[in-house]
Amino acid sequence: MNQLERIEGEVDRVKFKNDDGSFCVIYVKTEEDLVCAVGALGNVEEGEMVILTGEYQQNDIYGKQLRVKMFERSLPTTEAAILRYLSSGALESVKPLIAKRLVTEFGDKTLEVIENEPNKLLEIKGMDQKRVDAIREDFKKTFAARTLMVYMSKNEVPTKYTVRAWKKLGDYAEEEIKKDPYIMCSDGIDLPFKKADEIAENEDIPRDSEQRVRAGIRFALRQVAREYGHTCIAMEALKQDVLQLLEIEGELFDKVKMVSLREQDIYEIKINDESFVMLNTYYKAEEYISRRLEVMKSIAYDNKIDYSSIIDLEQQQTGIEYAELQRKAINLALSEGFLVLTGGPGTGKTTTLNAIISLYEQQGLDVMIAAPTGRAAKRISDLTGCEAKTIHRMLEVMPSDGDEMVFVHDEDDLLECDVMVVDEMSMVDSVLFEALLRALSVTCKLVLVGDSDQLPPVGPGNVLQDIIDSGVMSVVRLTEVFRQAQQSDIVMNAHRIVAGKMIDIKKRDNDFVYMFRQTPEDIYDTLVELCSERLPNKYGFSPIKDIQVLSPTKQGRIGTPELNKLLQSSLNKAKANKKELKTVYNIYREGDKVMQTRNNYEISWTKTEPNGKEELGKGVFNGDIGIVRSVNTTLKTVSIDFEGRIAEYHGEMLDDLELAYAVTVHKSQGSEYDAVILTLYEGMDNLYYRNLLYTAVTRAKKLLVILGTAKRVAFMIMNNGKNRRFTALGTMLRQSAYQSELESAENDE
């Protein structure tokens, strides 16, 4: 991984500074060089001594620049320099006369006294406690980054966590961390809990303190959300996790749990008479979703209208005869304004959706289409002929601290649409769906489209399945596989798999191919041959653009890391004229296929439109796949093309990338590929279940190849014990519906 650079010197020139200091361009004179630095440098002035921590980048116009992540003011050390500094007004509360008195009294120790022994200032004529406090606060704010770096260094905290803490907590980061070291474990900083424990021990915070136990509870809940997608877990399960993490007694957990509930760190909810617990983020998200959907359902659309005649006219215009369930879905979308449309491949979801969109537009309604990923947005745009955007792009991500999602569009700045269509809804997690609903007017119609038999979202929650299972919203499940789709073994086998029926793996004359391979070595050999020769030669598939290798896991010999090394070495060999960059985890080479593994709302990108206009944006998201276009080995930067959006990666940003010749089935959600090669191997039975196989199969558009054993395929089809995802949304939806019925009954009386 790239190391952060640290330089010290005098500000020679301030070339540019915007009004709030959030972007500055300065030149710093060091002992060796004149360095151009850019970043959020606040009220930096020429002549100041500064310490800058950041990473070097190459700018096409300005050349080599230090992109600053942390800005520190360096303390002047001589009496003359200190007097000049304080007299300049650098500390707003110190006037020139006071500056002279301070330096006369304390000499070259003046700034040390202000920093460490401020009450000594009371010895100076004209000083009172109020002014001393003001000077101390000014100093602390001005030199906060410097003192934070020193403090973190003493605690042996890596610089990357210090930078994250500074960005998230600001000028008072050190003070906040000293009071509560466990704040470093929060989203966006992500310090390991054991390291926070070490800082707490240094600050003499007892291991049985309330704040440590509360932090442990939050940490345990975040872990199950990240690792398993649960938005809630049973209270007893949480207790066992926390007791193991903190090594405390159960009585202490029970005591602190009540404090956390009272302070609303966590929420308790009854599901089937069992007590479950949630982080406030997920409680508020799912509670808001349940309330908003109930409001949308209750708005007075005249759902007694029969739109059959209008649907008949649409049939005549399109030449498509809609099946009974398709007509039902179209009618519900028009009459109720809310619909979940689900079904497997080949059942006519897109045909039905096109009719719904057409009829909405004929009514003069403004329709917007959203999808969770760029690939999914492009796919639904191609199928409907209407522009589609990712949810993040539609809501417009704003820069924010850490992993927190902040959008331009919310309750105060609604999206201007009458209808919102969300495709690939099975991928949308609770927090993202909450954000989308907040940006819609209460009268906006909502159509959610997705395959509920696919895997749940990568993020916490299971919104589509919860809405369907709740039984309180309008749902149409299309089940008829249309004649054209019946020609595809991919489609027909997908339906057999989801129904728990065995498939004919001996048939090899269509688009579904099984190849018996019993050992990892056999899989490796065939995989390389298929990707590099057989499929490109027979079908014209590009090994990079058209073929996607899938694995159920990241672990073991057919885990994605091992497969990626194999495929990189065969599909994108190292060459003298091909630049590459080594990191701790990977080698990134020009031409490599890569994937972003976590949401990063701060990565800047540029996109050149066909008309030559350049679009600027921010945000690259979990699951986005791109191609490495260039590598700068001097500055250690990698330029990546995410389907037209060009982003530059450097330093710790590279930790969020991985090679993507092979990806897990989970990461492939929302995408379709011309050819999919699925690798299966023995072991890890908990990862081999039916809807994972179904999801993998339905990623393929033209060809699916399974490398493995018939025994493993059969095991997956029979294993319907998929990992259960614990959420509260279904319960909340039923409760909201019940409450609404009670209120309606009371009003009728």
In terms of side-chain geometry, is the basic nitrogen of [X] or [Y] positioned less than 4.0 Å from the acidic oxygen of its partner?
| X | Y | answer |
| --- | --- | --- |
| E658 | K554 | yes |
| E287 | K284 | no |
| D197 | K194 | no |
| E176 | K179 | yes |
| R226 | D190 | yes |
| D410 | R438 | no |

In Å, rounded to the nearest 0.5 Å, how long is the span from [atom1] of [X] to [atom2] of [Y]?
| X | Y | atom1 | atom2 | value |
| --- | --- | --- | --- | --- |
| Y588 | E580 | OH | CD | 12.5 Å |
| L148 | I177 | CG | CD1 | 5.5 Å |
| S275 | K257 | OG | NZ | 6.5 Å |
| D187 | R222 | CG | CZ | 5.5 Å |
| I248 | D208 | CD1 | CG | 8.5 Å |
| R212 | L246 | CZ | CG | 4.5 Å |

Can you confirm whether [X] is buried at [atom1], in the sense that more than 12 heavy atoms of other residues, nucleotides or ligands lie under 6.0 Å from that atom?
| X | atom1 | answer |
| --- | --- | --- |
| Q129 | CD | yes |
| E31 | CD | no |
| Q244 | CD | no |
| Y172 | OH | yes |
| E156 | CD | no |

Residues forming a side chain to side chain contact (heavy atoms under 4.5 Å, CB included) with E201, sequence neighbours excluded:
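Residues passing side chain to side chain contact (heavy atoms under 4.5 Å, CB included) with E201: none at all.
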Would you indicate whether the side-chain heavy atoms of [Y] and [X] approach each other to under 4.5 Å?
| X | Y | result |
| --- | --- | --- |
| V25 | C36 | yes |
| K15 | Y27 | yes |
| L415 | L395 | yes |
| D265 | I217 | no |
| I289 | L729 | yes |
| V277 | M235 | yes |
| T53 | E5 | no |
| M278 | L221 | no |

Step-by-step side chain to side chain contact (heavy atoms under 4.5 Å, CB included) determination, Q596 to N600:
CA-CA 9 Å; Q596 175 76 9; N600 188 321; 3.8 Å; yes
Quick one, F253 with L238, criterion side chain to side chain contact (heavy atoms under 4.5 Å, CB included). Give me CA distance, side-chain angles, the key distance, then yes/no.
CA-CA 10 Å; F253 171 85; L238 173 66; 4.2 Å; yes
Geometric cation-pi criterion, R67 with Y56: 6.0 Å, 45°
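Because its charged atom misses either the 6.0 Å distance or the 45° angle limit, R67 does not stack over Y56.
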With distance as the sole criterion, is a donor-acceptor pair present between the side chains of [X] and [Y] under 3.5 Å?
| X | Y | value |
| --- | --- | --- |
| N202 | E198 | no |
| N280 | Q264 | no |
| E236 | Q240 | yes |
| Y267 | E286 | no |
| D138 | S93 | yes |

Ignoring hydrogens, what is the shortest heavy-atom contact between [X] and [Y]? Give both atom names and the distance.
| X | Y | value |
| --- | --- | --- |
| M127 | L122 | CB-CA, 4.2 Å |
| L102 | L121 | CD2-CD2, 3.5 Å |
| A99 | L86 | CB-CB, 3.7 Å |
| S87 | P96 | O-CG, 4.1 Å |
| L659 | I587 | CD2-O, 4.0 Å |
| A728 | I269 | CB-CD1, 3.9 Å |

Show, in sequence, the C-alpha distance, side-chain angles and deciding distance for K120 and E117, and conclude whether the salt bridge (Lys or Arg N to Asp or Glu O under 4.0 Å) test is met.
CA-CA 6 Å; K120 280 190 175 182; E117 301 176 278; 3.6 Å; yes
I'd like to know if the side chain of [X] and the backbone of [Y] have a donor-acceptor N/O pair within less than 3.5 Å.
| X | Y | value |
| --- | --- | --- |
| N155 | M152 | no |
| W605 | G619 | yes |
| R598 | D656 | no |
| H230 | F726 | yes |

Would you please indicate yes or no on a ring centroid separation below 6.0 angstrom for F193 and Y182?
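Yes.
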By the side-chain hydrogen bond (donor to acceptor under 3.5 Å, both in side chains) test, which pairs, at least two apart or in different chains, include something from residues 98-109?
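Counting only pairs at least two positions apart or across chains, no side-chain hydrogen bond (donor to acceptor under 3.5 Å, both in side chains) contact touches residues 98-109.
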If the plane angle is over 60° it's perpendicular, under 30° parallel, otherwise tilted; pick one for F642 and Y649.
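Tilted, since the angle between the ring planes falls between 30° and 60°.
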Side chain to side chain donor-acceptor pair (under 3.5 Å) with E112: which residues, sequence neighbours excluded?
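Checked E112 against side chain to side chain donor-acceptor pair (under 3.5 Å); zero matches.
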Walk me through it: do I199 and I205 pass the test side chain to side chain contact (heavy atoms under 4.5 Å, CB included)?
CA-CA 9 Å; I199 301 174; I205 296 173; over 6 Å; no
Evaluate the side chain to side chain contact (heavy atoms under 4.5 Å, CB included) criterion for residues H392 and L432: first the C-alpha distance (whole Å), next the side-chain angles of each, then the deciding distance (0.1 Å), finally the verdict.
CA-CA 8 Å; H392 291 92; L432 185 57; 3.9 Å; yes
Take E268 and Y283 through the side-chain hydrogen bond (donor to acceptor under 3.5 Å, both in side chains) test and state the conclusion after the steps.
CA-CA 9 Å; E268 189 173 12; Y283 176 84; over 6 Å; no
